[in-house]
Amino acid sequence: MNSAEIPAPRLARLLEERGTAELTPWSALLRTADHQPHAGAPAPTRHWLDIYRRRLQTATTTQLADALSVVVHVLTEYEGDSLRLVMLHRPGEGCLLWLTPELTHIVTHFTGQDRRPIPPSG
């Protein structure tokens, strides 16, 4: 299953089932806009743990460290062999979702500011 096969309404439903206020705007975005999530192929859980443990060590704010600590904790507890990373983006913000390979459950998520420069339009 590639990113074109992850219907936005299906992902919106998973976000709503998660029941966190932090994810409500992302669900609304998927339901109201022509917004397609970006998803990668399943990758080993160990891969994600290695990356986010390193990012946790270099976190520059307490808020970021707290959020990454939750991600690392949940990934550590996850018993599956692999996960799919799904990314959502809107100007200035990003949302990372780790889903089961079958795209049936959100294992953990992370939202934050996207500080990458936005190229001028035109």
Side-chain angles (χ1 to χ4, degrees):
M1 186 177 281
N2 60 37
S3 61
E5 298 176 50
I6 303 170
R10 179 178 176 185
L11 185 56
R13 190 172 50 254
L14 287 174
L15 291 168
E16 291 162 1
E17 289 171 2
R18 188 91 172 162
T20 66
E22 181 181 32
L23 294 177
T24 300
W26 297 101
S27 175
L29 177 69
L30 289 167
R31 291 204 181 276
T32 61
D34 185 26
H35 190 83
Q36 182 63 36
H38 303 284
T45 304
R46 171 66 44 205
H47 168 78
W48 299 119
L49 264 171
D50 291 345
I51 289 172
Y52 284 89
R53 280 183 177 141
R54 283 193 306 271
R55 289 188 179 169
L56 176 58
Q57 292 172 351
T58 61
T60 56
T61 67
T62 302
Q63 182 180 8
L64 179 59
D66 290 347
L68 291 175
S69 181
V70 170
V71 169
V72 168
H73 174 74
V74 173
L75 292 177
T76 300
E77 297 293 316
Y78 177 66
E79 295 181 0
D81 293 331
S82 62
L83 292 163
R84 254 183 221 269
L85 178 64
V86 176
M87 298 184 303
L88 302 173
H89 184 265
R90 59 185 180 189
E93 292 182 272
C95 179
L96 303 178
L97 304 161
W98 286 268
L99 279 74
T100 55
E102 306 80 23
L103 304 170
T104 56
H105 178 74
I106 297 171
V107 175
T108 192
H109 71 278
F110 174 80
T111 61
Q113 288 184 325
D114 184 351
R115 296 184 297 183
R116 294 178 293 179
I118 299 172
S121 60

Heavy-atom pair with the smallest gap, counting every atom of [X] and [Y]:
X	Y	answer
Leu23	Leu97	CD2-CD2, 4.3 Å
His109	Val71	O-CG2, 3.6 Å
Val72	Thr76	O-OG1, 2.7 Å
Leu56	Ala65	CD1-O, 3.3 Å
Leu15	Ser27	CD1-N, 3.7 Å
Thr45	Gly80	OG1-O, 2.9 Å

Residues two or more places apart in sequence or in another chain: which of them pass side chain to side chain contact (heavy atoms under 4.5 Å, CB included) with [X]?
X	answer
His47	Ala43, Pro44, Ile51
Ala28	none
Val74	Val70, Val107, Thr108
Thr61	Gln63, Leu64

According to side-chain hydrogen bond (donor to acceptor under 3.5 Å, both in side chains), who are the partners of [X], at least two apart in sequence or on a separate chain?
X	value
Thr100	Thr104
Tyr78	none
Arg46	none
Thr62	none

**Donor-acceptor under 3.5 Å (Arg84 side chain, Ala41 main chain)** =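 Between the backbone of Ala41 and the side chain of Arg84 there is no qualifying donor-acceptor contact (under 3.5 Å).
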Give, for atom [atom1] of [X] and atom [atom2] of [Y], the distance between the pair rounded to the nearest 0.5 Å.
X	Y	atom1	atom2	value
Leu11	Ile106	CG	CD1	6.0 Å
Gln36	His38	CD	NE2	8.0 Å
His89	Trp26	NE2	CH2	7.0 Å

**Asked** Tell me, which pairs form a salt bridge (charged side-chain N to carboxylate O under 4.0 Å, His left out) where one or both residues lie in residues 12-27, sequence neighbours left out?
**Response**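 Counting only pairs at least two positions apart or across chains, the salt bridge (charged side-chain N to carboxylate O under 4.0 Å, His left out) contacts touching residues 12-27 are Glu16-Arg31.
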**Message:** With salt bridge (charged side-chain N to carboxylate O under 4.0 Å, His left out) as the rule and sequence neighbours excluded, what pairs involving residues 86-99 come up?
**Reply:**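 Residue pairs passing salt bridge (charged side-chain N to carboxylate O under 4.0 Å, His left out), neighbours aside: Arg90-Glu93.
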**Request:** With sequence neighbours left out, write down each residue that passes ring-ring contact (aromatic ring centres under 6.0 Å, His included) with Phe110, or none if nothing qualifies.
**Result:**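 For Phe110, no residue satisfies ring-ring contact (aromatic ring centres under 6.0 Å, His included) once neighbours in sequence are set aside.
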